[in-house]
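What follows is one structure encoded as structure tokens, with my remarks underneath.
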Amino acid sequence: MSGLSEIARAAGVSISTVSRVLNRRAGVNEETRQRVLSVLAEMPYTPRGLGALQRTGVIGLLVPELSNPVFPAFAEALETRAARLGYSSLLCNTRSGAPMGEEEYVRMLLARGVEGMVFVSPEITNVEVPLGQAPQPSYYAKLVADGVHMVFLNGATPALDVPDVTVDEQLAGYMATKHLIELGHERIGFVSGPARSLPSRLKRAGWAAALEENHLPAGSEYVAHGPFSAEGGGLAVAQLLDTVTPTAVICSSDHMALGVMREAHQRGISIPDELSVVGFDDIPLAAYSSPALTTLAQPIEEMAAAAIDELVLRLDPDRRRQGTDNYTRVFRPRLVARESSAPPK
């Protein structure tokens, strides 16, 4: 445990105190905790530099939030697949505003000896750069340079040679919009997540492509942004209903779609008679909402299996891939037509 000794010596605390901080246990005051985390921030990223054991049989799973049901679903699928292959998992919730951010969790995981990590929707995708261009890789590049094994799930960049598994977000936006066009809708709005979110930008590109193919309006006035939440969906669709009055909307997530449906109900707007709604993710609640939500389903179990299988392959010293052959697997979304979409009256 020489790594813990180095951290303790630099922070002027005991090894047991460092252990408590890394394991988020009680008994450490905030000033001491911050001092230990500050020392971690200045240390190398390498597992060897943090004193981690190389073959611990543990991997880290980092998800951006747990309030959206799609992320617990991914976490469960990842953990189940890892367990079948003999690995234990440590789950980290890197939600915005949490006491520990993604970088702090990464340092904690490395210090505790994880062999590799799966980043679900990593923060690297949430940058405002034109589609097709590579964002700055920030601290992920240091992880790559230090030989940390990791896989991105629904978030990658060509600037890094990191395996990634993703659903085709642009195709999802296209398929959702095409479904509504085929029902006869002409004024189709897009309830988007935050403007800097790459998944939302890709879905918007698919939405615009389907509309332009059919010579239908796809201007920015038909797009409204909000947080990835039911409240965010309600606020975004309120803006559209007060301006362009669409007959249908597609949403960046099912969570947002549920907020759209609530806002419509509060305004006395009938779904789908007066407003058709399409979501994305196919969370369990989608089939039980009233009306049942039409959505684009991600093959969560298959995607999770692909991510874990690729990570484990790279962890196995006898099977580890050589060179810089970047691995990318793109899954096709599936339209699940339910009661929330219908021809316009």
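The neighbour count for Arg332 CZ, taken as heavy atoms of other residues, nucleotides or ligands under 6.0 Å away, does not exceed 12. Within a 6.0 Å radius of CD in Glu301, other residues, nucleotides and ligands contribute 12 heavy atoms or fewer.
Residues Glu65 and Ser67 bring a donor and an acceptor atom of their side chains to less than 3.5 Å of each other. Side-chain N/O atoms of His185 and Ser276 include a donor and acceptor closer than 3.5 Å.
Closest non-hydrogen pair, Pro272 versus Ser340, comes out as CB-O, 3.4 Å. Between Met117 and Val148, the shortest heavy-atom distance links the atoms CE-CG1, 3.5 Å. Closest heavy-atom contact between Glu263 and Gly234: CG-O, 3.7 Å.
The pair Glu310-Arg314 meets the salt-bridge criterion, since a charged nitrogen lies less than 4.0 angstrom from a carboxylate oxygen. Under the 4.0 Å criterion applied to side-chain N and carboxylate O atoms, Arg107 and Glu104 are not assigned as salt-bridge partners.
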Worksheet entry | Trace of the side chain to side chain contact (heavy atoms under 4.5 Å, CB included) decision for Leu335 with Leu296 | CA-CA 5 Å; Leu335 177 69; Leu296 274 294; 3.9 Å; yes

Discussion item. Assess the residue pair Leu258 and Arg262 against the criterion (side chain to side chain contact (heavy atoms under 4.5 Å, CB included)); give the C-alpha distance rounded to whole Å, side-chain angles, the decisive distance to 0.1 Å, and a yes or no.
Written reply: CA-CA 6 Å; Leu258 295 176; Arg262 177 175 173 79; over 6 Å; no

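In terms of modelled atom types and a separation under 3.5 Å, the side chain of Asn214 and the main chain of Leu216 share no donor-acceptor contact. For Arg35 (side chain) and Ala11 (main-chain N/O), a donor-acceptor pair under 3.5 Å exists by modelled atom type. Remark: the backbone N or O of Ala224 is not paired with any side-chain donor or acceptor of Ser192 at under 3.5 angstrom. Without hydrogens or angle criteria, Glu274 side chain to Ser270 main chain gives a donor-acceptor distance under 3.5 Å. In terms of modelled atom types and a separation under 3.5 Å, the side chain of Thr94 and the main chain of Val63 share a donor-acceptor contact.
A side chain to side chain donor-acceptor pair (under 3.5 Å) with Tyr174 is found for one member of Glu169, His179, Glu213 and no other, namely Glu213.
Applying the salt bridge (Lys or Arg N to Asp or Glu O under 4.0 Å) test to every pair with at least one member in residues 243-254, sequence neighbours left out, gives no pairs at all.
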